[in-house]
Amino acid sequence: MLIKEIYEKLPQPLKTQHTWRYSEYSYFVKDESPTTQITLSSNLNLVEKEIFEPITINYPEKITVYNYMYHTDKFATEIVKNGVYNLSILFSGKYNLTRGQIKIAPNLEIDLVLNLYDNTNQTTTNNVIEILVQDNSKVRILFDHSFHNSYAHNFVYLRMMDNSDVRMVFSSFNPKYEKTHIRSLIDGLNSNFVVYILAKVDATQHVDYRTENIHLKSSSKSLSVYRSIADGRSRSIYTGMLRIEKDAKYCNAYQNSRNILLSDKAKVETIPELEILNQEVACTHGAVVSSIDEEAIYYFMSRGVSREEAVKLITEGFLLDKLEENLQNNLYPIIYKKVTGEEYHE
């Protein structure tokens, strides 16, 4: 079937569906032609071609099939050696469509920083990144999103093979309007997937994340953690789906959403979804939305710390909790500086 035929057969997403209930689809798919302008900076060897079977086509979403049809810039790379890698993408066109593929060879240990950011002009960005992690590889990825002037949509496809271990952290601090959808196909025995999402919004900013952890093979694990801080009249949304297929026995999956409201006009939505197709698994979820702990603030102020500094310390600790053990030495100092504005010292 042609890509165009797949796109035409897919229905327009409904506002009642959790995928698009809180974000406006029309913001990202325009009637106008793309005017993609991107600047790539990387220590990876990038090539303009597909390097593996497109996950987008195997598991189509209307917006990513649209991207696949009409993107004007694409990039791909295959990582075959251990190391620390980076890829920065500056989006500067009025309407950007991009698609990238990253293939990671077996038996590697990789740290990767993906920095996606806009320029000072208002832009619309529809970005698809597909990642394939092969057998026995350990991969840590930091997605640093800085979309301060954009309507930004990101779709991240991850496919994991046997005995792979993938740790991802997404940071979205003060985006104008961002929706990010992460679909993880845990297609390997004894594989482990961890994703942390850190979001801060203020004024009228909007951030909407959806994770889908789909366990296809037995004895795999997944953990999804969403942490957000909402101030002003902002909005923070998280939808997390755990799916365990019929033949994927002895899996362990956990999902957690924790949110702090700094304003009574800010809004937080958190929606768990579980699709469990066999009984020999352990799946749990939890969600908390609360204001900042006044007792903790009082504790700091009683020791000479100002209220403003106390709030800063509490919220920074809230965002950074458990990240060091997941990102380790190469990537943790980067996210530490992003959160605190200070250099990391052991």
Side-chain angles (χ1 to χ4, degrees), residues 39-44 84-91 102 110-120 125 127 129 131 139-150 152 154 156 166-180 182 194-203 205-209 211 223-232 234-238 256-260 262 266 268 292 308-346:
T39 303
L40 297 175
S41 175
S42 180
N43 62 350
L44 292 166
V84 181
Y85 299 93
N86 62 74
L87 171 61
S88 293
I89 310 174
L90 169 63
F91 301 92
I102 300 171
I110 298 297
D111 290 311
L112 175 63
V113 179
L114 291 171
N115 177 220
L116 282 62
Y117 62 108
D118 58 20
N119 61 6
T120 56
T125 293
N127 177 56
I129 295 179
I131 303 171
V139 180
R140 292 176 289 268
I141 306 176
L142 172 58
F143 289 82
D144 184 359
H145 290 173
S146 299
F147 294 107
H148 301 309
N149 303 294
S150 295
N154 305 291
V156 178
V166 177
R167 315 288 175 99
M168 290 183 173
V169 175
F170 289 76
S171 69
S172 293
F173 294 169
N174 305 109
K176 177 181 179 179
Y177 196 105
E178 177 186 349
K179 178 168 178 62
T180 295
I182 306 156
V194 176
V195 58
Y196 276 77
I197 301 161
L198 314 180
K200 291 198 302 183
V201 280
D202 198 353
Q205 296 161 356
H206 177 109
V207 64
D208 180 354
Y209 268 79
T211 60
L223 169 65
S224 299
V225 178
Y226 182 79
R227 295 179 184 155
S228 77
I229 300 170
D231 205 348
S234 63
R235 196 163 192 183
S236 168
I237 304 106
Y238 173 64
N256 182 262
S257 172
R258 297 166 58 196
N259 307 270
I260 294 177
L262 297 181
V268 170
I292 202 161
E308 181 180 357
E309 184 63 20
V311 171
K312 181 177 184 293
L313 291 171
I314 292 168
T315 54
E316 290 173 354
F318 167 75
L319 291 174
L320 291 170
D321 185 36
K322 303 292 186 184
L323 289 187
E324 187 169 11
E325 62 193 66
N326 282 288
L327 289 180
Q328 300 183 4
N329 294 338
N330 290 322
L331 301 187
Y332 182 71
I334 300 173
I335 193 65
Y336 180 89
K337 185 174 181 179
K338 178 84 174 179
V339 172
T340 67
E342 301 173 0
E343 298 292 338
Y344 173 72
H345 301 286
E346 294 186 14

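Heavy atoms only: backbone and side chains are in, while hydrogens, waters and symmetry mates are out. The structure displayed is predicted, hence computed values, not measured ones.
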Ion pair present between [X] and [Y], side-chain N to carboxylate O less than 4.0 angstrom?
{"X": "Lys337", "Y": "Glu342", "answer": "no"}
{"X": "Asp321", "Y": "Arg227", "answer": "yes"}
{"X": "Glu308", "Y": "Lys312", "answer": "no"}

If only side-chain N and O atoms count, and only distance matters, is there a donor-acceptor pair under 3.5 Å linking [Y] with [X]?
{"X": "Ser172", "Y": "Glu178", "answer": "yes"}
{"X": "Asn86", "Y": "Ser88", "answer": "no"}
{"X": "Ser234", "Y": "Asp202", "answer": "no"}

Should [X] and [Y] count as side-chain neighbours, where that means a heavy-atom distance under 4.5 Å?
{"X": "Asn174", "Y": "His148", "answer": "yes"}
{"X": "Ile335", "Y": "Leu327", "answer": "yes"}
{"X": "Ile141", "Y": "Val113", "answer": "no"}
{"X": "Met168", "Y": "Ile131", "answer": "yes"}
{"X": "Ile237", "Y": "Val207", "answer": "no"}
{"X": "Tyr117", "Y": "Ser150", "answer": "no"}
{"X": "Asn154", "Y": "Leu116", "answer": "yes"}
{"X": "Gln205", "Y": "Tyr177", "answer": "no"}

I need the [X] [atom1] to [Y] [atom2] distance, nearest 0.5 Å.
{"X": "Ile229", "Y": "Thr315", "atom1": "CD1", "atom2": "OG1", "answer": "4.5 Å"}
{"X": "Thr180", "Y": "His145", "atom1": "OG1", "atom2": "NE2", "answer": "5.0 Å"}
{"X": "Ile89", "Y": "Leu114", "atom1": "CD1", "atom2": "CG", "answer": "6.5 Å"}
{"X": "Ile102", "Y": "Ile129", "atom1": "CD1", "atom2": "CD1", "answer": "6.0 Å"}
{"X": "Ser228", "Y": "Ile260", "atom1": "OG", "atom2": "CD1", "answer": "8.5 Å"}
{"X": "Phe143", "Y": "Ile182", "atom1": "CZ", "atom2": "CD1", "answer": "7.5 Å"}

**Item:** Expected output: side-chain Asn330 to main-chain Tyr85 donor-acceptor under 3.5 Å
**Value:**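 Answer holds: no.
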**Message:** Using only atom types and a distance under 3.5 Å, with no angle test, would you say the side chain of Asn149 pairs donor to acceptor with the backbone of Asn119?
**Reply:** yes
**Request:** Determine, stepwise, if the pair Tyr196 / Leu223 fulfils side chain to side chain contact (heavy atoms under 4.5 Å, CB included).
**Result:** CA-CA 8 Å; Tyr196 276 77; Leu223 169 65; 4.1 Å; yes
**Thr340 and Leu320: CA distance, side-chain angles, deciding distance, side chain to side chain contact (heavy atoms under 4.5 Å, CB included) verdict** = CA-CA 9 Å; Thr340 67; Leu320 291 170; 4.0 Å; yes
Locate the shortest heavy-atom distance separating [X] from [Y]; write the atom from each residue and the value.
{"X": "Leu198", "Y": "Phe173", "result": "O-CE2, 3.7 Å"}
{"X": "Asp111", "Y": "Arg140", "result": "OD1-NE, 2.7 Å"}
{"X": "His345", "Y": "Glu343", "result": "CD2-O, 3.5 Å"}

**Prompt:** Does the ring center of Tyr344 lie less than 6.0 Å from the ring center of Tyr332?
**Reply:**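 So the answer is yes for these two rings.
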**Prompt:** Going through the checks in order, is the side chain to side chain contact (heavy atoms under 4.5 Å, CB included) test met by Lys200 and Leu319?
**Reply:** CA-CA 9 Å; Lys200 291 198 302 183; Leu319 291 174; 3.9 Å; yes
**Request:** Please work out whether the ring planes of Tyr226 and Tyr209 are parallel, tilted or perpendicular, with thresholds of 30° and 60°.
**Result:** tilted
**Asked** What's the verdict on side chain to side chain contact (heavy atoms under 4.5 Å, CB included) for Val195 and Val225, showing C-alpha distance, side-chain angles and the deciding distance?
**Response** CA-CA 6 Å; Val195 58; Val225 178; over 6 Å; no
